[in-house]
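This report concerns only the one structure given below.
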Amino acid sequence: KQVAGHLWPFLASTLAMVFESVACKFARTDDMRWLCTAAMQDEIKVTVALCLLVAPAEHSPAFAKAICDHGAMNRLKEIFTIYQTFPREQHDEVLTHACIIGAKVAASAHLRHHGFGLKDFVWMMPEEKAHINSSYTAYGVEGLGHLWQRDLAGLLTSGGVSRVADIMATPFSPGGAATQEMANRLMGRLIERKSDLLAEIDHLEKSLEAEIRSAGPAAKRKTIWQATGVHRGETEAEVARRERRKQLDAVRSAREVLQQHGDRPPQSTLEQHSRWLSVASAAALGFVYGGVRGYV
């Protein structure tokens, strides 16, 4: 019963992915509306609901639009915000499915206002090397690839450029090959607009430095209570100063990454070895065809 409970949502979702007519008919049913509303509010049912919705949404922009029309993205944003407070070791397929749907929604210019923001996709690409090949990192790169041209300042201050460079520098692994391929291609698109990005970096660096200077020194004089060991939490000014310094570090890191590459976009791994892959695949197909024809 446990195995069947895990398998049937996957099989039903795959069926809707393969046959678009099934997905279209299902999107107009009351069950679809229930999955996007009532089931999303239940901690147990949301796992099955997302498993049913994710595969057709990943391959059909019309199905992703149906999910947005039913208002499910508001609940997915809440789920995403809740999971951000958890350690990455506790993330499961619920967050992964939410990231997949968010990336597919970001791919459509008409649906982007329903979905996640640019900084949310940057968060999906963790700084820790141990989590760089997590199940949702690829969708962070994909979503960032759809949104970065709309907000160059957000890309630079959120550390998106350095995160992409970290993925490119990660040692090769079969599970992360597709993610690294997308990161290489995204870096190529960034290099194509290198001059615009460097100009934006100069502007952001000056403005952030000015804001940090106007905020005053970070360490203020201790009060009598603090001198005796009584400490309070960070004030809004201290939080803002810390965020500005973090953004300034991200901007400077982005400049270093862009300056390391020339004006010519780097080739991805697939592009570098495409000729040998073509020869190998043609030889394999020719061998199979020749062997079968000779046998017949």
Side-chain angles (χ1 to χ4, degrees), residues 5-6 8-10 12-17 20 23-24 26-126 131 134-148 150-151 154-155 158 160 163 179 182:
H6 284 83
W8 80 261
F10 172 76
S13 181
T14 304
L15 178 69
M17 174 189 70
E20 190 172 4
C24 291
F26 179 69
R28 299 174 61 87
T29 61
D30 292 336
D31 291 332
M32 174 72 174
R33 185 180 301 104
W34 180 82
L35 287 177
C36 294
T37 54
M40 286 289 176
Q41 304 299 326
D42 189 279
E43 295 181 358
I44 304 300
K45 295 175 183 177
V46 67
T47 304
V48 180
L50 288 176
C51 189
L52 286 167
L53 297 174
V54 68
E58 190 172 8
H59 294 83
S60 174
F63 196 85
K65 181 179 183 301
I67 293 176
C68 294
D69 292 341
H70 287 297
M73 285 306 301
N74 293 329
R75 176 56 178 164
L76 290 181
K77 290 180 182 178
E78 294 178 0
I79 293 173
F80 184 81
T81 303
I82 293 172
Y83 269 88
Q84 282 183 305
T85 63
F86 296 166
R88 294 192 185 266
E89 292 80 5
Q90 299 181 12
H91 296 170
D92 53 21
E93 67 275 5
V94 174
L95 176 61
T96 301
H97 291 163
C99 294
I100 293 173
I101 296 176
K104 302 309 171 182
V105 170
S108 174
H110 302 290
L111 301 177
R112 286 172 185 165
H113 62 282
H114 293 289
F116 300 147
L118 185 145
K119 293 183 179 180
D120 295 330
F121 290 109
V122 174
W123 179 88
M124 297 178 197
M125 299 182 287
H131 303 290
S134 61
S135 56
Y136 49 77
T137 301
Y139 301 99
V141 179
E142 181 180 351
L144 184 64
H146 294 307
L147 299 181
W148 71 272
R150 299 163 54 88
D151 187 8
L155 169 71
S158 63
R163 300 284 179 91
T179 305
M182 287 193 295

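Sequential numbering from 1 along the given sequence is applied to the chain's residues.
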* Run the numbers on Leu53 and His97 for side chain to side chain contact (heavy atoms under 4.5 Å, CB included), then give the verdict. => CA-CA 9 Å; Leu53 297 174; His97 291 163; over 6 Å; no

* With distance as the sole criterion, is a donor-acceptor pair present between the side chains of Thr96 and Ser135 under 3.5 Å? -> yes

* Asked: Is the count of non-hydrogen atoms from other residues, nucleotides or ligands lying under 6.0 Å from Lys77 atom NZ greater than 12?
  -> yes

* Asked: With a 4.5 Å heavy-atom cut-off, do Lys104 and Leu111 have their side chains touching?
  -> no

* Could you pull out the closest heavy-atom pair between Thr14 and Ala55, with the gap in Å? => N-CB, 4.4 Å

* Asked: What class does the angle between the rings of Phe80 and Trp123 fall in, given that below 30° is parallel, 30 to 60° is tilted and above 60° is perpendicular?
  -> perpendicular

* Cys51 side chain near Thr47 side chain, heavy-atom distance below 4.5 Å -> no

* What's the spacing between Leu118 CG and Leu144 CG if we round to 0.5 Å? -> 5.5 Å

* Considering only heavy atoms from C-beta outward, does the side chain of Pro126 approach that of Arg88 to under 4.5 Å? -> yes

* Considering all heavy atoms, the nearest Tyr139-Ala103 contact -> O-CB, 3.7 Å

* Asked: Got a second to check how far Asp30's CG is from Thr37's OG1, nearest 0.5 Å?
  -> 10.0 Å

* Structure fact -> d(Ile82 CD1, Glu43 CD) to nearest 0.5 Å is 8.0 Å

* Which atoms form the tightest heavy-atom contact between Thr179 and Ala138, and what is the distance? -> OG1-CB, 3.3 Å

* Asked: Do Phe86 and Tyr83 have their ring centres less than 6.0 Å from each other?
  -> yes

* If you take all heavy atoms of Cys36 and Ile67, which pair is closest and at what distance? -> SG-CA, 4.4 Å

* Please round to the nearest 0.5 Å and tell me the distance separating atom CH2 of Trp34 and atom NZ of Lys45. => 4.5 Å

* Donor-acceptor pair, Thr29 side chain versus Phe26 backbone, under 3.5 Å? -> yes

* Can you find a heavy atom in the side chain of Phe116 that is under 4.5 Å from one in the side chain of Val105? -> no

* To do: Determine whether Met32 and Phe63 make a side-chain contact, defined as any pair of heavy atoms from C-beta on separated by less than 4.5 Å.
  => yes

* Mind checking the OG-CE spacing from Ser60 to Met17? Nearest 0.5 Å is all I need. => 11.5 Å

* Asked: Looking only at heavy atoms, which two atoms of Ala27 and His70 are closest? And how far apart?
  -> O-NE2, 3.6 Å

* Under 3.5 Å: donor-acceptor pair, side chain of Ser158, backbone of Gly154 -> yes

* **Any donor-acceptor N/O pair, Ser13 side chain to Phe10 backbone, under 3.5 Å** => no

* Contact check, side chains of Phe121 and His146, non-hydrogen atoms, under 4.5 Å -> no

* Asked: Quick check: are there more than 12 heavy atoms from other residues, nucleotides or ligands sitting under 6.0 Å from NE2 of His113?
  -> yes

* Structure fact -> d(His114 NE2, Leu76 CG) to nearest 0.5 Å is 12.5 Å

* **Minimum heavy-atom distance Gly117-Leu147, with the two atoms named** => C-CD1, 4.1 Å

* **Over 12 non-hydrogen atoms of neighbours within 6.0 angstrom of CD in Glu20** => no

